[in-house]
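Since the structure comes first, as structure tokens, the remarks are kept for the end.
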Amino acid sequence: MIDKRLFKLPKAKIMLAMLAGLMFLQAFAILGQGIFLARAIVGSWKRQSFANIAEDVLTFLIFYLLRQGINWFQKWYMNRYANQTTALLRQQLLNKTYNGGIALVSRIGTGNLVSTLLDGMDEISNYLSLIFPKLIALAIVPWVILIYIFTLNALSGWILLLVFPLLILFMIILGTAAQSKASKQYAGYIKLQNHFVDALRGLSTLKVLGLAKKYGNIVYKNSENYRKKTMGVLRVAILSTFTLDFFTTLSIAMIAMFLGIGLINGNLLLYPSLVILILSPEYFLPIRDFGNDFHATLNGKNALGQIFDILVFPTTPQENQLSSFTWNKDSVFIANNVSFNYSHIDQDHFSVNKNAKMSAVVKKEQTSADKTHTADELRNVNLKLTGFQKVGIIGPTGAGKTTLMRILAGFLTPHLKEDNFTINGQNLAQLNQKNWQNQITYIPQDPFMFATSIKENLTFYNPNASQKEIDTALKATDLNNFVASLKDGLNTRIGENGRGISGGQKQRIALARAFLAKDRKILFFDEPTAHLDIETEYELKEPMKKLMENHLVFFTTHRLHWLNDMDWCLVIENGEIVEQGAPSDLAKNGTLFKKLTQPLKEDLL
Amino acid sequence: MMNKKFSWKHEHWVKPYLAKYKWNFLLAIFLGIIMFFCGGALMFYAGYTIDKAATRPENILMIYVPIVLMRAVGIGRPLFRYLERLVSHNWILRVTSSLRRRLFYIAEKNTSAVGSAFQTGSILSLLTDDIGHLQNLYLRTIFPAILSYLVGFIVIILIGLFSWPLAGIIAILLIMELILVPFFSLLKQTSVRSKEKKEKAQLYTEFTDQVLGAGDWKISGRKDAFFNQTKTTLKSLGKHEKKSGKFDWARDFVLEFIFGLMAVAILYFTNKNLTYNQEAANYVGAVVLALFPLSDAFIPVGQGIEEWHTYSDSVKHLNELTVPENHLPHQEYLNPVFAGTLKATDISFTYPGEDYPIIQNFSLTLKRGQKAALIGPSGAGKSTILQLVLGDLKPNTGTVTLDKINVLSLQKERSKLFSVLNQEPFLFNTTIYENLKMANPDATADQMMEILEKVQLADFINSLPKKLDTEVAEAGARFSGGQKERLSLARVLLQDTPIVLLDEPTVGLDPLTEQKLLNLVFDVLKKKTVVWVTHHLQGVKYMNEVLFFKDGKVTMQGNPYELFEHNEHFHQLYLMDQGLI
């Protein structure tokens, strides 16, 4: 029911001790409140004047306020604790993101990670600041009250004591029943729940098929079906609340009856009886609170579980084994039997447990739009590259091209082996190396634009670039006219919430970024023109060729004309390099190379 | 804060549904009132029983009636609470169904048959979130507030029956508790809450930069810059949250304090007015104890009302949704079998609110069975042309006609005249059979298999254990991009319209798959009129005409074979595209 890892959070022990203290204090405030309220009532019952009971009334109010004051302080304290904890978790998560980089993000999903960092933390904060106080209150308050009641009247004490396990038992029985009913209906339930989003996403198609207008009623009908199913589940699910309430009110009624009989028989006095009556609801209050808030905090519980899981995701921090160097025309790079697969953790592990929340107000399902499917295996990669070679990488979709690029850029860690790579004679197990990565520029299909000015985007690798250098880079990538046409010029904001820019311009900015990073001599292009139209591609060819001069280049592409500019080519299939050589040689002798390029020739005009 | 002033008078997403499902709502309110009444009555009778018993009546029968009543309300409270929760959830889910239908209709009017699925995706999730917020607004703010007002009102009346001065004091305290403090806190928190919202939006952007830019950050080596990215915003958000939290806790304390004052007032007045004889005095405990269970009705109102800040943006969003005014001309009928020439004459189009036209003076004539390709950068207006051709958009000048009838006059017949093959074919979460059936309700399973044979999917479908009855979701993992396109193509063939629009159906496929798909598409669509949006030159040999776009204008146009012979630029582009230079 409660994640044990919770108690391992920093400062958890101090916080628990603090809460225990507060709850003891609160329990005594509750006793005081009950005692003096009873005294005041007894005074009135004895038909004494208000002056006689005024002191009791005042003391009651003071204890009442003391209790509320403790609550106030407790909320403040727990909020502080929860915020400190989430700040720490967030920091750890960001650390993980920095170290894990693309490997982590592509495994967990960007949307998932961002929402964990933002909304997830709010939910966790809410969860922490509710769950601990409720738990500790349940562990302390009822028992202090119970002991006091025993000193007044053992029979009432026994009733309260015996009801408790009964209550828990019934809650468990009903909870299990609800769970099994829910899980039986779960498949249909989720399907109906998703139907609305499905209908909205498919609207274009519905419109094409001339069904959109009619579909509105289907949306309604499905929503109504969903309602009926939900109600079916709820009827059982909220029975546990019913039980809780039922036992509470019934035991209060029973106690009142026994107390009444005791009073008539003269075995009891009014004052202790009233105290018991007033305290009985307080005895049940913590368990009721706990039950009510339990469902409200499930999201937070799940979010926390997910963070704990992400935090154990294995990542290798950037290492500093490779000595500082600059790639030059004599540098040598060797990959020696490198293998890789995503074996660590199953991706499903990171999807939120949707079964957990059983409320009518269902939160939208996380649609993982960015589940990039990468080929998950790579076997026995052998490579030897020198100087400013230009290496084209081709192969069918899913063959492992991107995985290979990511390993070479140090984003993914291959199977551990001392000499996976050799750079200028130095053996390295992996390439997540400071002095390797500071040589790299990586340009993907859809380069990421940071939500800031064009200038800061351009100078991302080289924040100190001079205006002259920037101008040269703009000119080289044909961006100067575009920038000049903007009202705010280089200071125009792009990226999220900024000015929308086309795919071609993004690619140009990425190229200019690479132009400005003069001391980075290794270029990775991951299908840089796949999404661009032929004319834009044509226009980009010159600046890209210019950029590639005096660089070691890795270039994956489906667009075969780029191979004319490469002097080495790797052909990948099913996670293996099956052919490598100069493109002209492969065109003559490469079996797979021919298979990949030949059919396109049939398309000629 | 929104710039536009929000007015409750013209509000039309929350209020109408309160009226529409009023009986269900009133029933839930009624059950809620009974529940609180039972809760109070339980303590009332319990208090009375004890007080009465303490006077040592002759026998137990004297307290028999209150004991029976006590048991009745003791069972009543959980029972009515259970019913109230069921009814209120049922109510809110009914409202949700209506909200969803309405949202769907609005979205339907704002969606075009072609366009990027990705962009709409984020808007859609926003809209579904808004519906969720509306649910919470009903359930957590409106419902408890109305319930508490009614309970409070009844309490005042009941007390008024015995003591007017006490009723007056309780009324004043309740007004403070339920109206003054909650609304004061609502107003007071407005500015800090809107700051929090802004900072959260800012954080969202910053986190996205960190997560999506993870690779760039890593190789840039700018570790400090990475961590500083969110520091400032987090700090000031933390400050504001602390401030609003502090206020909330203080407010809750004040609410409890007012409730405590009510208890004191009742203690005072029962002492003054109910002690004239012993029988009356027996009611003192009853009246005092009956008050406490009502705190559950009164205290949460403050929090509930302040939660308006969480939902207000959603209410505003939804109220700002507009349905584009779309006056279609008189609708005409055209027999799809004889549909002939598709003609765009000198059309120009500017999106509302934009300065520059996205399409300028575009003309194109395609006789039945002819094919044209539109090529150009993203955002150049290629998809806009498709929308104009379909009649989803209305050109500012010029016309699109089919057999001299304006396409705007053919909207009722549209699904019989035009079909579309999209960039990301959408498969509904049901069986393959149902997905195909949508295209043509009269199609039989045999016809479907015949078509699937044509699009080279028959073997694949037959290899699935349930064949046509396989759920798309189950098979989803097995569908490759190319297979999805082909299934969508089967839908197009089943729809069997004379004109087919292709909106970059091969984007994201590798060249081999692309070539195979294009060969297939143009083979099965041989007799159809086709307008094809694409971004490179693979497959242009199937075209009668290619048009290159830039900045809203056609920069190059002609038959591909002729262009290759006579146009140097096209020649160069083509050679590059084919990997020949």
Side-chain angles (χ1 to χ4, degrees), chain A residues 41 44-45 47 50 57 64 68 72 75 101-102 105 110 113-114 117 196 198 200 202-205 207-210 212 216 219-220 223-224 227 238 242 245-246 249 253 256-257 260 263-264 270 273 360-361 364 397 437-438 440 448 450-451 461 496 502-504 533-534 536 558 560-561 605, chain B residues 46 49-50 53-54 63 67 70-71 74 77-78 82 85 89 93 97 100-101 104-105 108 111 113 124 128 135 205 207-209 211-215 218-221 245 249 253 256 260 267 271 275 281 284-285 377-379 415 420 426 428-429 438 510-511 515 535-536 541 564 573 576 579:
Chain A
I41 293 174
S44 286
W45 181 77
R47 300 167 69 193
F50 189 73
V57 171
Y64 175 84
Q68 305 303 341
W72 186 355
K75 283 185 208 161
I102 290 179
V105 172
T110 41
L113 196 52
V114 172
L117 277 164
F196 180 58
D198 202 39
L200 281 177
L203 246 176
S204 306
T205 310
K207 240 181 153 159
V208 171
L209 301 175
V219 164
Y220 182 75
S223 189
E224 284 290 273
R227 173 176 67 84
I238 55 180
F242 173 78
D245 274 1
F246 184 74
T249 54
M257 190 181 77
L263 281 161
I264 291 178
L270 177 61
S273 311
V361 186
K364 168 191 64 116
T397 307
Q437 291 186 324
N438 67 18
I440 291 176
F448 183 70
F450 294 91
Y461 291 122
E496 177 122 0
S502 72
D533 67 287
I534 178 87
T536 309
H558 285 311
L560 300 178
H561 64 87
L605 281 171
Chain B
T49 307
I50 292 179
I63 58 167
I67 285 177
M70 191 165 70
R71 280 190 196 150
R77 201 201 109 88
Y82 178 75
R85 287 187 66 185
H89 277 89
L93 288 172
S97 296
R100 284 181 166 180
R101 176 166 56 182
F104 181 84
Y105 280 136
E108 189 261 326
T111 310
L124 290 181
T128 16
Q135 283 185 324
T205 312
F207 280 139
T208 309
D209 271 9
V211 169
L212 275 171
K218 180 98 176 260
I219 54 180
S220 78
W249 308 322
F253 182 79
E256 299 280 5
L267 279 169
N271 180 272
T275 45
V284 170
S378 60
S415 61
V420 179
F426 189 82
F428 290 88
N429 193 5
M438 284 178 143
D510 66 72
Q515 188 61 47
H535 65 283
H536 51 231
K541 68 170 180 184
F564 186 71
L573 286 181
M576 181 184 87

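Chain A is the first sequence line, chain B the second, and so forth, proteins listed ahead of strands; every chain is numbered from 1.
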Distance in Å, [X] [atom1] paired with [Y] [atom2], rounded so as to fall on 0.5 Å steps:
| X | Y | atom1 | atom2 | result |
| --- | --- | --- | --- | --- |
| A:Leu209 | B:Met438 | CG | CE | 7.0 Å |
| A:Leu113 | B:Thr208 | CG | OG1 | 10.0 Å |
| B:Lys218 | A:Ile102 | NZ | CD1 | 8.5 Å |

Best-contacting candidate, [options], against chain B by heavy atom pairs under 4.5 angstrom:
| options | result |
| --- | --- |
| A:Tyr220, A:Phe246, A:Phe242 | A:Tyr220 |
| A:Ala253, A:Gly260, A:Gly210, A:Gly216 | A:Gly216 |
| A:Gly101, A:Gly504, A:Ala256 | A:Ala256 |

Heavy-atom pair of closest approach, residues [X] and [Y]:
| X | Y | value |
| --- | --- | --- |
| B:Val420 | A:Val208 | N-CG1, 3.5 Å |
| A:Thr249 | B:Gly74 | OG1-O, 2.7 Å |
| B:Ala281 | A:Ser44 | CB-O, 4.0 Å |
| A:Ala451 | B:Thr205 | CB-CG2, 3.2 Å |
| B:Glu256 | A:Tyr64 | O-OH, 2.8 Å |
| B:Phe428 | A:Gly202 | CZ-O, 3.6 Å |

Does the side chain of [Y] come within less than 4.5 Å of [X]'s, by heavy atoms?
| X | Y | result |
| --- | --- | --- |
| B:Ile219 | A:Tyr461 | yes |
| B:Glu108 | A:Leu203 | yes |
| B:Phe207 | A:Val114 | yes |
| B:Val211 | A:Leu117 | yes |

Item checked: Under 4.5 Å from any heavy atom of chain B - which part of A:Phe450 ->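 For A:Phe450, heavy atoms of backbone and side chain both lie under 4.5 Å from chain B.
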
Checklist line | Contacts of B:Phe564 that satisfy ring-ring contact (aromatic ring centres under 6.0 Å, His included) - sequence neighbours left out | finding: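 Result, ring-ring contact (aromatic ring centres under 6.0 Å, His included) vs B:Phe564: B:His571, B:Tyr574.
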
Next item on the list: Please check if the side chain of B:Thr275 supplies one atom and the backbone of A:Arg47 the other of a donor-acceptor pair under 3.5 Å.
Entry: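 Side chain of B:Thr275 to backbone of A:Arg47: no pair is present.
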
Next item on the list: Kindly write out the residues that satisfy side chain to side chain contact (heavy atoms under 4.5 Å, CB included) with A:Asp533, not counting sequence neighbours, or none if the list is empty.
Entry: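 Testing A:Asp533 for side chain to side chain contact (heavy atoms under 4.5 Å, CB included), a comparison that skips the adjacent residues, returns A:Glu535, A:Thr536, B:Pro377, B:His535.
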
Select one option (side chain, backbone, both, neither) describing which atoms of [X] are under 4.5 Å from chain A's heavy atoms.
| X | result |
| --- | --- |
| B:Ile50 | both |
| B:Tyr82 | both |
| B:Ile67 | side chain |

Check: If you count heavy-atom pairs under 4.5 Å between each of B:Pro78, B:Ser415, B:Ala53 and chain A, which one has the most?
Finding: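 Of B:Pro78, B:Ser415, B:Ala53, B:Pro78 has the most heavy-atom pairs under 4.5 Å with chain A.
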
